[in-house]
Amino acid sequence: MSKRALITGLTGQDGAYLAQLLLNKGYEVYGIIARRSTPTVWRLDELGIREEIRFIEADLADAASLIRAVQQSQPDEIYNLGAQSFVGTSWNQPLVTADIDALGVTRLLEAIRLVKPDARFYQASTSEMFGLIQAERQSETTPFYPRSPYGVAKLYGHWITVNYRESFKLHASSGILFNHESPLRGIEFVTRKVTDAVARIKFGKQKELRLGNIDARRDWGFAGDYVEAMWLMLQQDTPDDYVVATGVTTTVRTMCEIAFRHVGLNPDDHIVIDPAFFRPAEVDVLLGNPDKARAKLGWTPKTSLEQLITMMVEADLRRVGKE
Ligand code: NDP
Ligand code: GDP
């Protein structure tokens, strides 16, 4: 009999790639979909998998809906990817961010405890928990120091996952994933904002690109590689926490250069520094140490930043060209 998976955040970047991966492995994929006034399934359509998903209407703010989702899907594996995931927004909506990214995790864990305690659980934790970094390369043992309401909320989500594993013996794992991007990345994140702008500038539809702190450094990987690590965590006999990263850090400035040069443009002719995009508290640098994931999961990233940004620029050129 095929395995069943339940995904929250199905309509997001990672949810779409994870659903594709699980379908390819023969899983029955159930995804919770929150009610919105306009359709949110464009990523599933881009991957051509919408018809294969079993949708369940639920919301991480609504505990009863999560209980029903677990009852209805009877999943072997549950991936909690749903979140208010944008750091910038978390200063404007700190309470929504805490409700979904922190308490939402407890609501889902409670649903699992009540309905399907033998299900394996994945929590989407984040390198933003390291924030003001306490070690040059951040690993599973590096102390946390979040720098945004998002990071603080996710830290709660991480620890409640650890706590339910220790308290109730749930097979609950937390993936501490560093930034990962793709052509399906939300437009507000810096990589996609840049690749979309590069395509628009190339087609003459835009002239300048307004950015904030381009000296910030991130450890960027490809989302398609990172969802494999999520799945691998739930295939282990013992639940655990893992850093998932490339081990390479790059400035926003250099990432921009890769994107602009790919279409023969000079970033200095187009980038305008705009204080509106500076953050109240910044995470200056992130650099992950993925040794544990490599050793225990056999996971390694397959896509370089150059390949990733090129893939994203090409996808945005196709999109803008069709507009
Ligand atoms: P996205 O922003 O692309 O997707 C977020 C998903 O959460 C969407 O499907 C969204 O639904 C859903 N969602 C938001 N609010 C609710 C709610 N109240 N109830 C149910 N679902 C909700 O994020 P990513 O795919 O990039 O990230 C996946 C997870 O991994 C997130 O938890 C994120 O915080 C975390 N993460 C991401 C990293 C990255 O670099 N991408 C790094 C580390 C962690 P809708 O489409 O309806 O808005
Ligand atoms: P984050 O690491 O989850 O916050 O991912 P983002 O892609 O939103 O931001 C990565 C880094 O790029 C942060 O240090 C931002 O301050 C920096 N950055 C600089 N300019 C911009 C911008 O215009 N938009 C965004 N989103 N980030 C920017």
Side-chain angles (χ1 to χ4, degrees), residues 7-19 31-44 56-62 65-66 69 79-90 96-97 99-101 103-105 107-108 122-129 131 147-148 150-151 153-154 157-158 174-182 184-194 197 209-223 226-227 230 244-245 250-253 255-256 271-286 288:
I7 303 176
T8 76
L10 168 80
T11 54
Q13 169 188 259
D14 292 7
Y17 282 113
L18 178 67
I32 80 159
I33 183 148
R35 199 269 157 184
R36 303 283 186 255
S37 67
T38 40
T40 53
V41 289
W42 66 272
R43 293 181 172 97
L44 305 174
I56 302 177
E57 191 178 273
D59 195 299
L60 283 161
D62 187 321
S65 76
L66 297 174
Y79 296 85
N80 185 33
L81 312 183
Q84 189 303 95
S85 71
F86 186 49
V87 169
T89 294
S90 76
V96 167
T97 304
D99 193 26
I100 305 308
D101 300 13
L103 291 182
V105 187
R107 291 188 191 102
L108 187 53
Y122 173 85
Q123 168 58 17
S125 291
T126 166
S127 55
E128 289 291 320
M129 302 188 308
R147 291 273 280 173
S148 64
Y150 170 77
K154 280 285 184 177
H158 172 72
S174 173
I176 306 172
L177 271 54
F178 283 60
N179 297 55
H180 46 279
E181 322 292 313
S182 73
L184 302 184
R185 185 60 144 151
I187 198 86
E188 66 274 45
F189 293 89
V190 74
T191 51
R192 182 75 205 295
K193 180 173 171 179
V194 169
L209 166 60
R210 303 185 85 82
L211 294 174
N213 175 18
I214 60 172
D215 294 320
R217 304 176 80 97
R218 288 292 182 275
D219 180 332
W220 280 295
F222 172 47
Y226 284 34
V227 296
M230 299 176 186
V244 177
T250 310
T251 60
V252 173
R253 186 192 301 272
M255 180 272 292
C256 289
I271 292 177
V272 176
I273 301 302
D274 184 341
F277 294 105
F278 282 85
R279 291 171 173 181
E282 177 62 291
V283 174
D284 293 317
V285 54
L286 290 171

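Whatever order the structure lists them in is the order used to number ligands and atoms, beginning at 1.
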Could you find the nearest protein heavy atom to [atom] and give me its residue, atom name and distance?
atom                    : answer
atom 42 (C) of ligand 1 : His180 CE1, 3.4 Å
atom 4 (O) of ligand 2  : Arg279 NH1, 2.5 Å
atom 13 (C) of ligand 2 : Arg218 NH2, 3.4 Å
atom 46 (O) of ligand 1 : Thr11 OG1, 2.6 Å
atom 17 (C) of ligand 2 : Asn213 O, 3.8 Å
atom 20 (N) of ligand 2 : Gly212 N, 2.8 Å
atom 22 (C) of ligand 1 : Arg36 NH2, 4.0 Å
atom 5 (C) of ligand 1  : Ala83 O, 3.6 Å
atom 5 (O) of ligand 2  : Asn179 ND2, 3.4 Å
atom 23 (O) of ligand 2 : Lys193 NZ, 2.7 Å
atom 16 (O) of ligand 2 : Glu282 OE2, 2.6 Å

Sidechain-backbone polar pair: Lys154 side chain, Ser127 backbone, donor-acceptor under 3.5 Å: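 Pair absent, no side-chain N/O of Lys154 close to backbone of Ser127.
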
Under a 3.5 Å distance rule, please check whether Ser65 uses its side chain to pair with a backbone N or O of Asp59 as donor and acceptor.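 Side chain of Ser65 to backbone of Asp59: a pair is present.
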
With a 4.0 Å heavy-atom cut-off (strictly under), which part of [X] contacts ligand 1: side chain, backbone, both or neither?
X     : answer
Ala58 : neither
Gln13 : both
Thr40 : side chain

Please confirm whether [X] comes under 4.0 Å of ligand 1, counting heavy atoms of the residue only.
X      : result
Lys154 : yes
Asp59  : yes
Ser127 : no

Side chain, backbone, both or neither: which part of [X] comes within less than 4.0 Å of ligand 2 when only heavy atoms are counted?
X      : value
Glu188 : backbone
Phe277 : side chain
Val87  : side chain

[X]-ligand 1 polar pair, N/O distance under 3.5 Å:
X      : result
Tyr150 : yes
Asn80  : no
Ile32  : no
Arg185 : yes
Phe189 : no
Leu81  : yes
Asp14  : yes
Asn179 : no
Gln84  : no

Those atoms of ligand 2 less than 4.0 Å from some heavy atom in [X]:
X      : result
Val252 : 12 (O)
Phe86  : 8 (O), 26 (N)
Ala216 : 14 (O)

For the residue pair Gln84 / Asp101, report whether a side-chain donor-acceptor contact shorter than 3.5 Å exists. no

[X] N/O to ligand 2 N/O under 3.5 Å:
X      : value
Ile214 : no
Arg185 : no
Val190 : yes

Decide yes or no for Leu60 and Asn80: does some side-chain heavy atom of the first lie under 4.5 Å from some side-chain heavy atom of the second?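 Sidechains of Asn80 and Leu60: in contact.
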
Measure the shortest side-chain to side-chain distance between Leu286 and Glu128 over non-hydrogen atoms and say whether it is less than 4.5 angstrom. yes

Specify whether Phe86 and Phe189 have parallel, tilted or perpendicular ring planes, treating 30° as the upper limit for parallel and 60° as the lower limit for perpendicular.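 Plane angle over 60°, so perpendicular.
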
Look at the rings of Phe222 and Tyr17 and say which category their plane angle falls in: under 30° parallel, 30 to 60° tilted, over 60° perpendicular.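 Judged by the thresholds at 30° and 60°, the geometry between Phe222 and Tyr17 is perpendicular.
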
Other residues, nucleotides, ligands: >12 heavy atoms within 6.0 Å of Glu57 CD: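 It does not: Glu57 CD has 12 such atoms or fewer within range.
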
Could you tell me whether Asp99 and Arg107 make a salt bridge, using a distance below 4.0 angstrom between a side-chain N and a carboxylate O?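 Result for this pair is yes, salt bridge flagged.
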
Strictly below 4.0 Å, N to O, side chains only: are Asp215 and Arg253 in salt-bridge contact? yes

Taking it one step at a time, do Tyr79 and Asp14 satisfy side-chain contact (heavy atoms from CB on, under 4.5 Å)? CA-CA 10 Å; Tyr79 296 85; Asp14 292 7; over 6 Å; no

